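Take this structure first; my questions come after.
Order of the sequence lines sets the chain letters (A, B, ...), proteins ahead of strands, with each chain counted from 1. Predicted model, so just to flag it, every value in this text is computed and none were measured.
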There are 2 protein chains.
Amino acid sequence: MFVYNIFIHIFGKKKEIMSSPRERILERASILFHHQGYNSTGINQIISEANVAKASFYQHFKTKDDLCVTFLNRRHESWFNALSEFTSTSENTQEKIVAAFDFIMHMNEKENFRGCSFLNIMSEISKEQENILSVIQSHKNDLRVFFSQLIEDELLATHIYLLFESSIIESQLFGSNEIVHKSKAIVKSII
Amino acid sequence: MFVYNIFIHIFGKKKEIMSSPRERILERASILFHHQGYNSTGINQIISEANVAKASFYQHFKTKDDLCVTFLNRRHESWFNALSEFTSTSENTQEKIVAAFDFIMHMNEKENFRGCSFLNIMSEISKEQENILSVIQSHKNDLRVFFSQLIEDELLATHIYLLFESSIIESQLFGSNEIVHKSKAIVKSII
DNA sequence: TTATATACAAACAAGTCTGTCTGTTTTTTT
DNA sequence: AAAAAAACAGACAGACTTGTTTGTATATAA
């Protein structure tokens, strides 16, 4: 477009002012998959809101499932980074574990109690979508490792992990952090 | 049909040998919703497998969501009955709690690790489907009450409830009862 | 500046979905 | 046996789905 080209000419390269189609697709898909669910979000909505042509979409992603895998991999990274950052200020292990539960509440407020993208998508897919399932399993394995690295006692680490998981789900179901507070109190009593 | 009518003539009333269309719909929907998910199961598949005409379907159920609510209400009843029966032979409270975790494993084996219908559907629906959501919330409330009635300590009851919930989800995700065994060991150590 | 790669719009295919409607047949009740 | 209720098959509407294709325009690199 005319104005757009002038804009580039004055302010520099395109990359600086507008992300690539692939990036725009992933940004919109992340929001839509997380807020509407995977099956309820169509390709057409994604590309229309990302201002990308359909042919361009299929140049970057073989299938919708392919996009889903890429989305989950990125979510995995950004989610763990956020968790690490959130718990990084804690001075000891106990505090770090408790901070992880504060992170759930923080995430719930920020994302309107949409819960865990990974578990939500698990409930939507079929056994045939193995590539998606394995990304979800890897994510949860890594979360278990996160707690295992903090806690020597293997069974206690599993214990915390299980409470962490149900805290996410129950707060999603009731749209409230109340149960996370209770869960936090429980965790404090066992570590 | 010819043979069918003879059958009725010889053996008695229809009700005794063939369930009503409404019943056949609910039976098929129960299986399909639980095994394929709600959004992935269409009305057409349900009525075709239930041998019911589409017009008959819409005589019994206003919408697909209406069927979903009825399905969940029935699942609620049958699931709780099964849990009650499974835990009824336990002689004391501790045993009963542990038996509840055995019930998860029993259910997983029987239903091929499809997890909790209620939580699965929660992940699939939108905020607008309030009537469905409230059935799910009621179900989980009743489950919490189930544990509260067994355990005086309110926080401990919540604790067990949270472990119960994550046990279902994690065993679904990994298609294995391994984590339920661990959860059972944890529960034994805290009651 | 020319060549190559990328992105575009928009039509199209082939199928899915929920829900409505018509007209016929079967079952139940009076 | 006649009247009313329920179930049937199946066409239809209208909107959606994922993915393909054609031809054009734009951006980047040689």
Query raised in the report: Given the side-chain rings of A:Phe80 and A:His139, with only the six-membered ring counted for Trp, is the space between their centroids under 6.0 Å?
Result: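 Yes, ring centres under 6.0 Å apart.
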**Report entry** Atom-to-atom span, CD of B:Glu124 to P of C:dC17 - whole angstrom
**Finding:**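 Answer to the nearest Å: 14 Å.
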Requested in this report: Tell me what B:Thr41 touches on the nucleic acid: a base, only sugar-phosphate, or nothing, going by heavy atoms under 4.0 Å.
Outcome: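 Sugar-phosphate contact only - B:Thr41 comes under 4.0 Å of backbone atoms but never of a base.
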Report task. Among the candidates C:dA10, D:dA9, C:dC8, find the nucleotide nearest to the side-chain atoms of B:Ala55. Result ->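 Closest nucleotide among those given: D:dA9.
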Query raised in the report: Is the centre of the A:His159 ring less than 6.0 Å from the centre of the A:Phe147 ring?
Result: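 Between A:His159 and A:Phe147, the centre distance exceeds or equals 6.0 Å.
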Query raised in the report: Roughly how many Å is it from CZ in B:Phe61 to P in D:dA6, rounded to a whole number?
Result: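 The answer, rounded to whole Å, is 15 Å.
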Query - Distance, rounded to the nearest Å, where A:Ile47 contributes CD1 and D:dT18 contributes P - result: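 A:Ile47 atom CD1 is separated from D:dT18 atom P by 10 Å.
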Query - Length of the line joining B:Lys54:NZ and C:dT18:C1', which is rounded to integer Å - result: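 Rounding to the nearest Å, NZ of B:Lys54 and C1' of C:dT18 are 7 Å apart.
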Query raised in the report: When B:Ile191 is tested against each of B:Leu150, B:Asp153, B:Ile186, B:Ile160 for side chain to side chain contact (heavy atoms under 4.5 Å, CB included), which residue passes?
Result: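 Only one option passes, and that is B:Ile160.
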Query - Length of the OH-C1' vector between A:Tyr38 and D:dT18, whole Å - result: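 About 10 Å, once rounded to whole Å.
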Query raised in the report: So which one's nearest nucleotide on DNA chain D is more toward 5', A:Gln45 or A:Lys62?
Result: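 That would be A:Gln45.
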Query raised in the report: Any side-chain N or O of A:Arg24 less than 4.0 Å from the OP1 or OP2 oxygen of C:dC8?
Result: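 It does, given that an N or O in the side chain of A:Arg24 lies less than 4.0 Å from OP1 or OP2 of C:dC8.
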Report task. Just say parallel, tilted or perpendicular for the rings of B:Phe86 and B:His106, cut-offs at 30° and 60°. Result ->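 Ring orientation of B:Phe86 relative to B:His106: tilted.
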Query - Distance-only side-chain donor-acceptor flag, B:Asn108 / B:Ser171, under 3.5 Å - result: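 Distance-only check passes for B:Asn108 and B:Ser171.
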Query raised in the report: Could you state the CZ-C1' distance from A:Phe57 to D:dT21, rounded to the nearest angstrom?
Result: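 Roughly 17 Å, once rounded to whole Å.
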Requested in this report: Quickly work out the A:Leu67 CG to D:dG19 C1' distance and round it to whole Å.
Outcome: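 Rounded to the whole Å, the gap is 14 Å.
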Query - Distance, rounded to the nearest Å, where B:Tyr58 contributes OH and C:dT22 contributes C1' - result: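 For the pair B:Tyr58 OH and C:dT22 C1', the rounded distance is 17 Å.
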Query raised in the report: Counting only side-chain N and O atoms of A:His60, is one of them less than 4.0 Å from OP1 or OP2 of C:dA7?
Result: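 So the side-chain polar atoms of A:His60 do come within 4.0 Å of the phosphate oxygens OP1 or OP2 of C:dA7, strictly under.
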Query - D:dT17 phosphate, OP1 or OP2, under 4.0 Å from A:Asn44 side-chain N/O - result: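 Answer is yes, contact under 4.0 Å.
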